[in-house]
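These notes are about the structure you will find just below.
What you see below is based on every heavy atom in this structure, not just the backbone, and it leaves out hydrogens, waters and symmetry mates. Note that this is a predicted model, so its numbers are computed, not measured.
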Number of protein chains: 2
Amino acid sequence: MRRHEDGQRPKSYHHGDLRNALIQAGLELLSEGGAATLDLRKVARRAGVSHSAPYRHFTDKQALIAAINEEEYYRLSERIQAARREVPDDGVIAQLHAIAHAYVHFAVENPWLMREMFSGLTVRREAFADLHAASKLAFKQYEEVIRRGQEQGIIVEGFSGALAGVFWSLLHGVAMLIIEDQMHPYADGPEGVDLMVRTSMQTLYNGIGRKIL
Amino acid sequence: MRRHEDGQRPKSYHHGDLRNALIQAGLELLSEGGAATLDLRKVARRAGVSHSAPYRHFTDKQALIAAINEEEYYRLSERIQAARREVPDDGVIAQLHAIAHAYVHFAVENPWLMREMFSGLTVRREAFADLHAASKLAFKQYEEVIRRGQEQGIIVEGFSGALAGVFWSLLHGVAMLIIEDQMHPYADGPEGVDLMVRTSMQTLYNGIGRKIL
DNA sequence: ACCTGAACACCGTTCAAGT
DNA sequence: ACCTGAACACCGTTCAAGT
């Protein structure tokens, strides 16, 4: 994520890049075990500054984690956008599937980050407006795709926002329950995960109700 | 939850009830703000013992929270069972709806407990076999109802476990995203929550795919 | 068997002082 | 403007000692 295109790593962070260095170091620790393994003193040590230096850039530990979460919401949103672009615009159902795949795989690859982003245990979201805005980026994409599907007559009429909410909820549930190992043995291993995603999307499209022929 | 049907509250907890007293005091703190607001010394103080007494009953803070989570899984499972019983056995769709309602409302009423139970941030579930078993109780109920629906020809054929997983994922996603305030403005207030639950169940049954008449 | 109190290590945070 | 180092309060955990 850091951009040092000149090739030479900075000799010292004490020159204005500290904020990003702290985010980077914090991200590594968060990825290993969540907020419990991220202690500010260790973050400072990794960035090569004293333990009180971070307070110049973040009011407290929570604020650092909020900043990291914010970056990760951007990253998730970009992943989803990339997934959509791989599918032609008229393939709305395929796009929903691609989004689901991207979302769940982001979670599987970054379980600790995902937990921190959505647990609500560490960061009081109300206090961080940018964070809250970032967390909404992905939702807008779901709504766009749903709306396009409705225009094309592929998806049922109705409030696109609410349908997007249902779509997201299903995705989110699948992702979180998989990383908490609650879907065992139905979503074990990479193939199991993909099967679960496919079953979910299948069900979302057709419903579980048996149609009388 | 504690049972003191004799009417007289125990004069002191130092007589074998300490374990439950700690769980009870811990539950109160957990409900206020999760593991961050539960400190073991405060728990001990509330139970009227020294700060090292809890270690006689729980190996560490995590073990106490695991025990609380376990009790809450039972409580959630019981709530779901109660919801099912309010609906006649042939009303499979109505039962799924009742389960969804109960699940989401449990979450809305106990957001901090729900976060702790499912975040994976505080307790390493692998280390607590009973906890893991307790977390599976509700799932079995989903599967039962789905299977009955299949027998009655109301629900599509297929692996009932996977379908139950899809059902749970949808429920869980709705519940968690609502308590994290991510469904705003589609699930605000009690009516908003109920609307979201109804839309979810509607969609689960019929699917979002537009059926050609 | 169960609980107490002193003690230790560690962390978040603050603040006066340095460059 | 930005960083340092000492200092404080607080918490999880341990352990020798008490009843």
Check the distance between [N]'s [atom2] and [X]'s [atom1] and give it to me in whole angstrom.
| X | N | atom1 | atom2 | answer |
| --- | --- | --- | --- | --- |
| B:Leu22 | D:dT13 | CG | C1' | 15 Å |
| B:Asp17 | C:dC2 | CG | P | 13 Å |
| B:Leu64 | D:dT13 | CG | P | 11 Å |
| B:Phe58 | C:dC2 | CZ | C1' | 15 Å |
| A:Lys61 | D:dC10 | NZ | P | 18 Å |
| B:Arg56 | C:dG5 | CZ | C1' | 14 Å |
| B:Arg19 | C:dC2 | CZ | P | 12 Å |
| B:Asp60 | D:dC11 | CG | P | 17 Å |

Testing the 3.5 Å rule here: is there a donor-acceptor pair between the side chains of A:Asp39 and A:His51? no
message = Whether the B:Gln62 and B:Arg124 side chains hold a donor-acceptor pair (N or O, under 3.5 Å, no angle test) is what I'd like checked.
response = no
Flag, side chain of B:Lys61 to backbone of B:Ala35, donor-acceptor distance under 3.5 Å
yes
Those residues at least two apart in sequence (or on a different chain) that pass salt bridge (charged side-chain N to carboxylate O under 4.0 Å, His left out) with A:Glu86 are none
Nearest of [options] to any side-chain atom of [X]?
| X | options | value |
| --- | --- | --- |
| A:His51 | D:dA7, D:dG12, C:dG12 | D:dA7 |
| A:His57 | C:dG5, D:dC3, D:dT13 | D:dC3 |
| B:Tyr55 | C:dT4, D:dG12, C:dC2 | D:dG12 |

Discussion item. Using a 6.0 Å cut-off, check whether atom CZ of A:Arg79 has over 12 heavy atoms from anything other than its own residue.
Written reply: yes
- Task: Tell me, with the steps shown, if A:Phe139 and A:Phe167 meet ring-ring contact (aromatic ring centres under 6.0 Å, His included).
- Result: CA-CA 10 Å; A:Phe139 184 81; A:Phe167 171 69; 9.7 Å; no
Contact check, residues 33-42 of chain A vs DNA chain D, heavy-atom distance under 4.0 Å, returns A:Arg41
- Query: Salt bridge check: are B:Arg75 and B:Glu72 linked by an N-O gap of less than 4.0 Å?
  - Reply: yes
Paired to D:dC11 by Watson-Crick or G-U wobble criteria (both distances under 3.5 Å) is none
For D:dA16, the nucleotide meeting Watson-Crick or G-U wobble distances (both under 3.5 Å) is C:dT4
